[in-house]
Colleague: 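What follows is a structure written as structure tokens; I'll ask about it next.
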Amino acid sequence: MNQPSARREQGVAIFKEVFGREPRPGSYPEFLQITVDHLFGEIWARPHLSLEERELVALTAVALARTDWELRGHIGASLNLGMSREKIVEVIIQLAYYGGWPVANNGLRVAQEVFAELDNVTGKDADHDR
């Protein structure tokens with residue numbers, strides 16, 4: 001196990017690489033500290049899986065759990081790490097067989113919302129620029 005300060009630094013660096021931003025304190029700063037130090041500073045820092053592979057695992061897990069807030073964040077992280085929209089959609093479609101049609105339907109709805117929001121920010125036409 002890393003020293004706490006090294007774990008924090010590594011966690012912040014990985015978080016920034018995955019999400020493209022600094023961790024933001026919310027209502028529960030202690031939970032953010034645990035998330036940054038342990039989840040990103042230890043788990044995401046482990047060898048044998050790339051950040052992109054770990055993101056695919058996280059995207060799958062939050063889609064299966066139907067946690068829309070986290071799914072939105074991990075769709076954004078997937079895009080930030082260079083995953084295509086088509087790949088994200090394919091991951092969610094495959095989940096229909098493992099988690100059920102409602103899981104895939106919900107995930108595709110959330111993905112469509114995230115893509116549309118990003119297109120609004122960038123000025124793209126979501127139906128034309130695919």
Colleague: Find the distance between OG1 (Thr60) and CG (Leu95) and round it off to the nearest 0.5 Å.
Modeller: 5.0 Å
Colleague: Would you call the rings of Trp101 and Tyr97 parallel, tilted or perpendicular, where under 30° means parallel and over 60° means perpendicular?
Modeller: perpendicular
Colleague: What distance do Phe40 atom CZ and Leu51 atom CG have between them, rounded to the nearest 0.5 Å?
Modeller: 9.5 Å
Colleague: Only counting residues at least two apart or in another chain, list the ones meeting ring pair (Phe, Tyr, Trp, His ring centres under 6.0 Å) with Trp69.
Modeller: none
Colleague: Looking at side-chain heavy atoms only, is the closest gap between Pro23 and Val12 below 4.5 Å?
Modeller: yes
Colleague: Atom CG of Leu81 and atom CG of Leu59: how far apart are they, to the nearest 0.5 Å?
Modeller: 11.0 Å
Colleague: Using the test salt bridge (charged side-chain N to carboxylate O under 4.0 Å, His left out), find all partners of Glu22 that sit at least two apart in sequence or belong to another chain.
Modeller: Lys16
Colleague: Check for a donor-acceptor pair, side chain of Asp37 on one end and backbone N or O of Arg7 on the other, with a separation under 3.5 Å.
Modeller: no
Colleague: Could you tell me how the ring of His74 sits relative to the ring of Trp44: parallel (under 30°), tilted (30 to 60°) or perpendicular (over 60°)?
Modeller: parallel
Colleague: Any salt bridge (Lys or Arg N to Asp or Glu O under 4.0 Å) pairs touching residues 52-61, not counting sequence neighbours?
Modeller: none
Colleague: Please name the pair of heavy atoms, one in Ser78 and one in Ile88, separated by the smallest distance, quoted to 0.1 Å.
Modeller: CB-CD1, 3.7 Å
Colleague: Hey, could you give me the CD/OG distance between Gln10 and Ser5, rounded to the nearest 0.5 Å?
Modeller: 11.5 Å
Colleague: Identify each donor-acceptor pair in which a side-chain atom of residues 27-34 lies under 3.5 Å from a protein atom, sequence neighbours left out, and give them as a table.
Modeller:
none

Colleague: Does some side-chain heavy atom of Val89 sit less than 4.5 Å from a side-chain heavy atom of Phe115?
Modeller: yes
Colleague: For Tyr98, which residues count as a ring pair (Phe, Tyr, Trp, His ring centres under 6.0 Å) partner, sequence neighbours excluded?
Modeller: none
Colleague: Is a donor on one side and an acceptor on the other found under 3.5 Å between the side chain of Asn80 and the backbone of Glu17?
Modeller: yes
Colleague: Check for me, please, whether Val18 and Leu39 land in the same ILVMFWY cluster - side-chain distances under 4.5 Å, paths through other members count.
Modeller: yes
Colleague: I'd like to check the side chain to side chain donor-acceptor pair (under 3.5 Å) partners of Glu113; sequence neighbours left out, ordered by chain and number.
Modeller: Arg72, Arg109
Colleague: Hey, quick one: are Val114 and Leu71 part of the same hydrophobic cluster, counting side-chain heavy atoms closer than 4.5 Å, chains of contacts allowed?
Modeller: yes
Colleague: Do Ile93 and Leu79 share a hydrophobic cluster, counting only Ile, Leu, Val, Met, Phe, Trp and Tyr and linking them when any side-chain heavy atoms are less than 4.5 Å apart?
Modeller: yes
Colleague: Consider side chain to side chain contact (heavy atoms under 4.5 Å, CB included). Of Ile92, Leu108, Leu64, which one does Val103 pass it with?
Modeller: Leu64
Colleague: Do Leu118 and Arg85 have side chains that approach each other closer than 4.5 Å (heavy atoms only, starting at C-beta)?
Modeller: yes
Colleague: What's the separation between atom NZ in Lys87 and atom CG in Leu56, rounded to the nearest 0.5 Å?
Modeller: 5.5 Å
